[in-house]
Amino acid sequence: MLALVDVNSFYVSCEQVFRPDLWGKPVVVLSNNDGCVIAANREAKSLGIAMWKPAFQSIPLLEKHHVTVFSSNYALYGDMSQRVMETLSLLTPALEVYSIDEAFLDVPESTVADLSAYAQQVRARVRQWTGLPVGVGIAPTKALTKVASKLAKRNRERSRNTFVIGDEDTRRASLQECPVEDVWGIGKRTARRLRKRGVHTAWDFTQLSDVWVRQELTVVGLRLKRELEGVPQLDLEIVPAAKQMIGTAKSFGHNLEDPHLIREALAWYVAEVAEKLRRQKRIAGSMTVFVETNRFRPGDPQYTNQTRVRLPVPTDDTPELAHHARVAFDRIFRPGYRYKKVGIWLSDLVVASAVQQHLFDPDPQPLRPHLMQVIDRINTQYGKGTLRTASVGFRRSQWKLRQQRLSPCYTTRLNEVLEVGTG
DNA sequence: TCTGGGGTCCTAGGACCC
DNA sequence: TCTGGGGTCCTAGGACCC
C-alpha cells in the first residue's frame with residue numbers, strides 16, 4: 001500500500017506557522033509578481049476568493065473581509081518542505097518527494113493491519129515537528145492515493161484528514177464519488193472531451209475500453225486507467241530522477257521595450273540558472289531562449305519566439321552561458337513590442353565530471369570553475385547578485401518582480417529569525 | 001496599472017539516412 | 001505512365017502536474 005501525504009494549503013500554512021495569530025482567519029498567498037491569488041486557506045475560500053484570478057480584481061473582496069495577503073516566499077516554503085520530507089522519511093521505508101508539498105510513502109508492513117492508525121500517526125508527527133497540518137490518502141496505487149486524498153479533504157471532520165481505499169467496495173464507491181476532472185492526469189481539455197462522451201466520474205472512466213483510451217489519450221491515459229483499477233503502473237521514485245531541463249522565466253514588474261534592459265534581466269536569469277546547474281553538478285549542452293509579449297493585453301501587438309542554441313562545449317560557466325544567451329536573444333528580439341517575459345532553459349544536461357573537451361577549443365580556461373565556486377560562495381553568504389557579471393547592470397528595479405507583501409525568511413536568514421517578545 | 005513559474009511526457013511531421 | 005521501406009533525429013506544440 002502507498003500513502004500520499006500533502007500539506008493543507010501549503011503556502012498559507014507556512015505563513016501561519018510563524019504567525020499563529022492568523023490560524024482560523026482567512027489568508028491568501030499571491031503568485032510571483034503579486035499577480036494572482038495562488039493559495040488560499042479554507043477560511044479564505046469560503047469567502048468566495050477565486051484562485052488564479054488577477055489579484056487586482058480580488059482586492060475589494062480581500063479588503064472587505066480583512067484577508068491577510070502575502071507575496072510568495074519560496075525561501076520559506078522550500079525550507080519548510082525539506083523539514084516535512086525529513087520528518088516523513090523517518091516514518092516510512094521508502095519516500096518519494098513528489099512536489100514541494102506532497103510525498104508518496106511506502107506504507108510499512110507492520111502498520112498494514114491498521115492503516116487509519118498509521119495515517120493518524122503521520123499527521124500527528126508532522127504537526128508536532130513542523131507545525132504544519134497534512135492530509136493522508138492510502139491506497140494500492142498512486143492514482144488511487146490521489147483519489148483518497150481528495151476524499152480525505154472533502155469531509156475533514158469525519159475523516160480527520162485521512163482516507164483509506166483498502167478494499168474493492170471502497171474503491172468502487174470512491175471512484176463513483178470522484179468527478180472525472182478531479183482525476184490525477186486528466187486536465188481541463190480531456191475532462192471536457194470525456195464528459196461529452198458521457199464520462200462523468202472516475203468510475204465511468206474505468207469502464208471505457210482499453211482500445212479507445214489508448215487511441216484517444218495515449219499510453220498515459222491507459223496507464224492511468226489501470227492505476228484506477230488498482231493495478232500499479234507507476235513505481236515509487238525514491239531517487240529523484242536527474243532533471244532534463246533547468247530553466248527560469250519570470251515576468252517583468254513592468255512591460256519592457258528597451259532591449260538593453262531585457263538583456264540585463266536575461267543576464268540575471270542566466271546567472272540564477274547557471275548557479276542552479278552547478279548546484280546539481282551538471283553542465284548544459286544546449287539552451288533555449290524565448291521572449292513573450294503580454295498575452296493578456298490583446299490590444300497590444302503580440303509576439304513570441306524562441307531559439308535553441310547548441311553550445312560548442314557543454315558548460316556551467318556563467319559568462320560563457322551569458323554570451324550564448326545574448327546572441328540567441330538578439331536573434332529573436334524584434335523592436336516595437338512591449339515585452340512581458342524573457343526566459344532561458346538549459347537542456348542536454350550531463351554530469352559535470354563527464355565533460356567532453358572540445359578538441360579545437362581555442363581558449364580553454366582551467367581556472368574558471370574555481371572562479372564560479374568563489375562567486376557562488378560569496379553570493380550564498382552575502383545574497384544573490386552580490387557578485388555578478390557587468391552584463392547584469394544596475395537597473396534591476398526597472399524589471400524585477402513585485403513582492404510587496406513578503407514575509408521574513410524566518411528559517412533561512414539569521415537576521416530575520418522570529419523573535420519572541422520579552423514583555 | 002496590475003494576469004506565475006518550473007517542470008515532464010507524448011505525438012506529429014519534416015529532414016535525412018541507407 | 002510509373003516513384004519503397006525502414007529507420008533516426010529534431011523541433012514544435014499540446015496536455016498535464018504542482
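Here is how names work: the chains are called A, B, and so on, in the same order as the sequence lines, proteins then strands, and each is numbered from 1.
- Here C:dA15 presents its P atom at 17 Å from CG of A:Leu224, a figure rounded to the nearest Å.
- Between A:Glu292 atom CD and C:dG13 atom P the separation is 12 Å, expressed in whole Å.
- At a cut-off of 3.5 Å, with distance as the only test, a side-chain donor of A:Thr293 or A:Gln302 sits close to an acceptor on the other residue.
- Using a 4.0 Å heavy-atom cutoff across all strands shown, A:Val183 reaches sugar-phosphate atoms only and no base atom.
- Atom CD1 of residue A:Ile344 and atom CD of residue A:Glu272 lie 11.0 Å apart, to the nearest 0.5 angstrom.
- Nucleic acid contact class of A:Arg310 (heavy atoms, under 4.0 Å, all strands): sugar-phosphate only.
- Comparing B:dC16 with C:dG4, their C1' atoms sit 16 Å apart, to the nearest whole Å.
- Cation-pi geometry between A:Arg127 and A:Trp23 is met: under 6.0 angstrom from the ring centre, within 45 degrees of the axis.
- For the residue pair A:Ser159/A:Asn161, the side-chain donor-acceptor check at 3.5 Å is not satisfied.
- Note: CD (A:Gln306) to P (C:dT11) measures 10 Å, nearest angstrom.
- Between the CD atom of A:Glu102 and the P atom of C:dC17 there is a distance of 11 Å, given to the nearest Å.
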Sugar-phosphate means primed atoms, P, OP1 and OP2; the rest is base. With that split, encode nucleotides 2-10 of chain B 5' to 3' as B, S or - using protein heavy atoms under 4.0 Å. BBBSSBBSS

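- Pairing for B:dC18 goes to C:dG5, judged as Watson-Crick or G-U wobble with the two contacts each under 3.5 Å.
- Side-chain N/O atoms of A:His324 and A:Glu320 include a donor and acceptor closer than 3.5 Å.
- Across all strands shown, A:Phe10 has no heavy atoms under 4.0 Å from either base or sugar-phosphate atoms.
- Inspection of the A:Thr411 and A:Asp79 side chains reveals an N or O donor paired with an N or O acceptor under 3.5 Å.
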